[in-house]
**Q** 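Shown below is the structure under consideration.
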Amino acid sequence: MKFTTLMASAALALGLAGGAYAQDKTKVGFVFVGPVGDGGWTYEHNQGRLAVEKEFGDAVETVFVESVAEGPDSERVMTQMALDGADLIFTTSFGYMDPTINIAAKFPDVKFEHATGYKRADNVSTYSARFYEGRAIQGHIAGKMTKSNIIGYIGSFPIPEVIRGINSAYIHAKKVNPDVEFKIVWAYTWFDPAKEADAAKVLIEQGADVVLQHTDSTAPQAAAQEAGDVITFGQASDMAQYAPKPRVSSIIDDWAPYYIARTKAVMDGTWESTDTWDGIGAGMVGIGEITDAVPADVKEEALALKASIADGSYHPFTGPLKKQDGSDFLAEGETADDGTLAGMNFYVEGIKGDIPN
Amino acid sequence: MDLSAINPVLFVAGFLVAATPLIFAALGELVVEKSGVLNLGVEGMMIIGAICGFATAVETGSPLLGFAAAAVGGALLSLLFAFLTQITLANQVASGLALTLFGLGFSALLGQSYVGIKPPRLPDVNFGPLHDIPVIGPIFFSHDIILYLGFALVVAVWAVLKFTRMGLILRAVGESHEAAHALGYKVVRIRTLAIMFGGACAGLGGAYISLIRVPQWTEGMTAGVGWIALALVVFASWKPWRLLLGAYLFGGITQLQLNLQGAGVAIPVEYLAMSPYIITILVLVILSADKSAAPASLGRIFHASN
C-alpha cells in the first residue's frame, strides 16, 4: 500500500508539472500511524478522508501514507507531502506532534492539522475528540457487568489522552461498583495485534472479565471471544463484527464533518489556526449500539449518562475527586477545566500502580 | 504487588505459543542464510502466509489446509525474490526490502473481505492421559500440532545441517559458492530451493499468528516479527538450538513482562517493555563468544561466469 501510494504521488507530481488545470485542485495529505485496514483508529481517519473526497469530488485530491512510525520517519513523510504540493496535511497521532511543528515551520504556506496534540503554530491547528466522555459510559457498563470485580485495561502509551481515559472509566466503574479493581497493562504500541492479543489474554488469565483497550486493533476482541465469558468495547471504531458479545458497545470517532469543514476552509481561504475538542454533544464521539448482552436497566442508565453528557448537564470529571496520592483534585461539584484534562498525568484515587514516565 | 495472580502453568503455555511464529520465521531464514543468501523479505512472506492461511482456513473450514496454503503462499512469494536475486542478479538487500513492501501491500489487498471473520479453530493434539498430568500436561501436552511441528523442524534442520550430505552441500554453497560450483553443484538451484524453504517457513509463522495466536485477520498484523526473526538469526550465530533458545527467551520475557504488569510489580514499565530485546540479545551475545561467523558468501551475488 505504501508503495502504491508512493507511485500515486509520483504520478500526481508529474500531473502537476504537466497540466495547469491540476493546480486548481486542493491537495489534502494524511499521515496515518497504522494501516487503513486496522479496523480502529486509522480506519476511522481514512473514512474521514474518503468523506472529503466524496464531498468535494474533483475539486480535491487526497493522498495518504499509512503505518508511518512516530519520529524522524514521519518528518520525511510530511516533508515529501509538502514538497508534492499538499495544501493541507492532517497528522493523526500524538507522536507526530513535534515533527508536525518542525515541518510546519519549514513550510509556512502549508496548513497542518495535528490530532490529539497540544502544540500549535500559525499554520498548525490541533483537534481531538473527548473520548473520555465515551469512556465514562464504558466504565459504567464495565462496573455493572463485571462479576470478578477485576477490569483489565490495555494502555498504549502513558500520555494524557490515555491516562484521562483510564481515570474516566475508573471513576464511573467505581461509582456503580465500589469493589472494582483495575489491572492496567501498557503495550507500548498503538498497533500490534499479536501483542494486544497477548495483553488481553494475560489480563483474562489474571481474572479480568471485562477488557477495555486503548490500542487500535480488534485483536483483544478476538482474544476475549476465544476466552468465552469476557466482554470488551470497540475502540475508535464500532468493531460491530464482534457484537453482540464480546463487544457490548463502543466509542466511535467521527472525523468526517471536521475534515470536510477544514478542507472547505482551506479552499475558501478562511483557514485559521484553531484548537478543536469536541465530544458526544457535537457528534465527534459516537457511542456504538449497546447490545442485548447488557441487561436492559444497565443499558438504560448508560444511555441516560450519555444524554446528560451530550447536553452538558454532567461532566465526567466532577468532584469530589482525589488524586492517587490522596491530595485533592476536585472539590464537591467542581468540574475539571480543559487545561487540567489536556495535561493529565496522574491517576485518581483508588487506581493501583504507577504511571510510567 | 500480587504475584499469585500469575499462573505459572498458563504463563509457560502462553510463551510457547508466542515464540512459535518467531521460530518458524527465523528457522527458515537461517537455512536461507546458510546457503549464502540474505533475504530481508521475511516480514513480507510472513504476512502473505498469514492471509493465505487465514483465507484458506475460512473458505475450506480446515485450519490444516490453511497452514498448507500459508506455506505454499510464502514459498511462491519467495520465488519472486529468487528470480530477482538468482536469475537477474539483483541486489539482495534491495530485493528483500521490496519483497516486504510488496507482501504488506498485496496481503492488504487479498485480505479486504476477511476483516472481522473468526477462523476455524485448530484443535489441540489429543495426548490422552498425558494431558492430565499436573503442571507438565497443560504446559507440554495441550497445544496444536503446528507448535510441535515448529519444534520438530528445529531438530530436523539441525540434524540435516550437521549430519547429512544435503546439509554439507548447502553449507558449502553458503561458504564458497565458487568452490561449490567448481565441484559441480548447482548453486542457483540449491539456493532457490533454500529460499523457497525459507518462504514456506515464514508463511507458516505468519499463519500461526493469524490462525492461532490472535486469531483474526488485520492488515499489517505481523507488526515486525519478521524483523525480529532476522535479528535472531544473527544473534543465534546461525545455530538452530541457539535460535530456539533465543525465540523462547524472547517469547517468554515478552509474556512475563505483561504478566508482571498485570500483577502490579513495582518495576518501571519502560524497563519491562524493553527487557525482551535486551535480555535476548545479552544472552545470545554471551553464548556467541565462540566467534561463530556468518556464512562467508552471505549476500554475495553468484554467477557461473565468475
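Chain identifiers are assigned alphabetically (A, B, ...) following the order of the sequence lines, protein sequences preceding nucleic acid strands; residue numbering begins at 1 within each chain.
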**Q** At a 4.5 Å cut-off on heavy atoms, which part of B/Asn259 comes close to chain A: side chain, backbone, both, or neither?
**A** both
**Q** Among A/Ala219, A/Gly353, A/Ala200, who wins on heavy-atom pairs under 4.5 Å with chain B?
**A**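 Option with the greatest count: A/Ala219.
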**Q** Below 4.0 angstrom, N of the basic side chain to O of the carboxylate: do A/Glu53 and A/Arg49 qualify?
**A** yes
**Q** Please flag which part of A/Ala197 lies under 4.5 Å from any non-hydrogen atom of chain B: side chain, backbone, both or neither.
**A** side chain
**Q** Please report the closest heavy-atom contact between A/Asp229 and A/Lys147, naming both atoms and the distance.
**A**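 Taking A/Asp229 first and A/Lys147 second, the nearest heavy atoms are OD2-NZ, 4.3 Å.
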**Q** Could A/Asp198 and A/Lys195 be called an ion pair, given the rule that one side-chain N must be under 4.0 Å from one carboxylate O?
**A** no
**Q** Compare all side-chain heavy atoms of A/Gln213 with those of A/Tyr153 and state whether any distance is below 4.5 angstrom.
**A** no
